[in-house]
Amino acid sequence: MIYQLMLARKEKNEAKKSFFDLEMKVNDLQLETLEAKLNPHLFKNILNSIQSHAYQTYFALDKLANVLDYILYESKKKYVTAKEEIDFALNLIEINKIKISPLFELKIKTKINSEEKLYEQPLLAPLISIDLIENAFKHADLQSSDAFISVLFEFKDNVFSMTVSNKVSDKKVLKKERSGIGNTTLEHRLRIIYKNNFKLEKFIENNIYTAHLKINLLEYKTEMLASR
């Protein structure tokens, strides 16, 4: 009976391991599918921005080169550092700036403790910041005198967070076929990768849309190590 009990436990553990391995393979396949959709979509948006403002082409192409390097090389990795993702996001914002007037209020802030041990450890999913940034430039009110876009990046207590706010435009954005890929993939990617170690909030208050993303990298790393 003892032998049979030990054998049953062994088979149960092996079954759990097989299920976990299968789950990981499925998740990896889902992520590959999502990222395959995401990268061309991003590239198309960037090219449209540059094309519509040819007078800033040289500056935009310089930033585009940095963004493309990130997409072609870093985004193929499973994880990047918080520093790399924030640098990429800042370049992406610079490209999007050519859509707006020089007088438009665009507030970009960073509150980063670069001394924290996880700041330069590869634990952050690449391109995780795209959706929130692109939505702000797409849906912001660019005409009103009190219009604005605000982006804040933070890294404190080994937690990566970004907050994006913008005055909502009264004009309805024309929905194009196959648009909105970023909206449907961001939460999906976050759930697959970080499970309960992230928080994504989106809300409108006083005609201001705010999106806040928070990823606890320390808790996530702890869970990763515990599952091995």
Side-chain angles (χ1 to χ4, degrees), residues 38 41-64 66-67 70 82-83 85-113 124 127-157 159-187 189-190 198-215:
L38 186 63
H41 178 71
L42 169 66
F43 187 51
K44 181 181 177 181
N45 286 347
I46 292 171
L47 288 180
N48 287 341
S49 297
I50 293 174
Q51 186 178 17
S52 64
H53 293 270
Y55 65 91
Q56 291 184 353
T57 297
Y58 179 81
F59 174 80
L61 286 177
D62 179 57
K63 297 300 178 182
L64 177 60
N66 295 330
V67 168
Y70 191 84
K83 181 182 185 304
E85 180 67 14
I86 292 171
D87 287 344
F88 159 75
L90 293 174
N91 278 314
L92 185 61
I93 290 170
E94 288 296 326
I95 293 173
N96 277 282
K97 278 174 65 176
I98 64 178
K99 299 177 182 178
I100 60 180
S101 164
L103 300 178
F104 183 84
E105 186 177 8
L106 177 62
K107 299 178 285 187
I108 311 298
K109 294 182 180 180
T110 57
K111 295 181 180 179
I112 296 169
N113 184 355
L124 203 60
L127 308 178
I128 210 76
S129 59
I130 288 175
D131 179 44
L132 303 186
I133 293 172
E134 291 217 315
N135 278 349
F137 282 93
K138 182 178 180 181
H139 298 290
D141 184 347
L142 303 179
Q143 306 301 326
S144 300
S145 58
D146 61 344
F148 73 94
I149 295 175
S150 172
V151 184
L152 170 63
F153 296 98
E154 296 181 90
F155 196 90
K156 182 181 179 182
D157 297 328
V159 173
F160 167 84
S161 61
M162 63 180 295
T163 304
V164 183
S165 303
N166 61 271
K167 176 78 177 296
V168 180
S169 174
D170 293 330
K171 297 180 181 179
K172 293 184 178 179
V173 177
L174 179 63
K175 291 186 178 180
K176 298 181 181 179
E177 185 181 358
R178 296 182 182 179
S179 66
I181 291 176
N183 286 324
T184 59
T185 59
L186 177 60
E187 287 196 57
R189 291 183 71 207
L190 289 168
F198 81 93
K199 187 175 184 180
L200 178 62
E201 297 177 308
K202 298 179 182 180
F203 57 90
I204 297 177
E205 186 175 352
N206 297 326
N207 214 31
I208 295 175
Y209 177 85
T210 300
H212 178 66
L213 172 62
K214 180 179 179 181
I215 303 175

Nearest non-hydrogen partners of Ile133 and Ala89, listed with the distance: CD1-CB, 3.7 Å
Nearest-0.5 Å distance that lies between atom CD in Glu154 and atom CG in Leu213: 11.5 Å
Audit row: Asp141, Asp146, side-chain contact (heavy atoms from CB on, under 4.5 Å) steps and yes/no: CA-CA 9 Å; Asp141 184 347; Asp146 61 344; 5.5 Å; no
Partners passing salt bridge (charged side-chain N to carboxylate O under 4.0 Å, His left out) against Lys111 (at least two apart in sequence or in another chain): none
Ion pair check, Lys202 and Asp131, cut-off under 4.0 Å: yes
Close side-chain approach of Lys167 to Asn207, heavy-atom, < 4.5 Å: yes
Atom pair CG (Leu152) and OG (Ser161), whose distance is rounded to the nearest 0.5 Å: 6.5 Å
Distance (rounded to the nearest 0.5 Å) between Glu134 CD and Leu92 CG: 5.5 Å
Non-hydrogen side-chain atoms of Ile112 and Lys83 separated by less than 4.5 Å: no
Heavy-atom side-chain proximity of Asn66 to Asp87 below 4.5 angstrom: no
Nearest-0.5 Å distance that lies between atom OG in Ser129 and atom CG in Leu90: 9.0 Å
Min side-chain heavy-atom separation Ile95-Phe137 under 4.5 Å: no
Side chains of Phe155 and Asn113 in contact at under 4.5 Å (non-hydrogen atoms): no
All side chain to side chain contact (heavy atoms under 4.5 Å, CB included) counterparts of Val151, not counting sequence neighbours: Ile93, Ile108, Ile149, Phe153, Val164
Check: Asn166 and Asn135 side chains under 4.5 Å, non-hydrogen atoms: no
Interatomic distance, Phe104 atom CZ to Ser144 atom OG [nearest 0.5 angstrom]: 9.5 Å
Value rounded to 0.5 Å, distance of CZ in Phe203 from NE2 in His212: 9.0 Å
Non-hydrogen atoms of Ile128 and Glu85 that approach each other most closely: N-OE2, 3.1 Å
Min side-chain heavy-atom separation Glu205-Thr210 under 4.5 Å: no
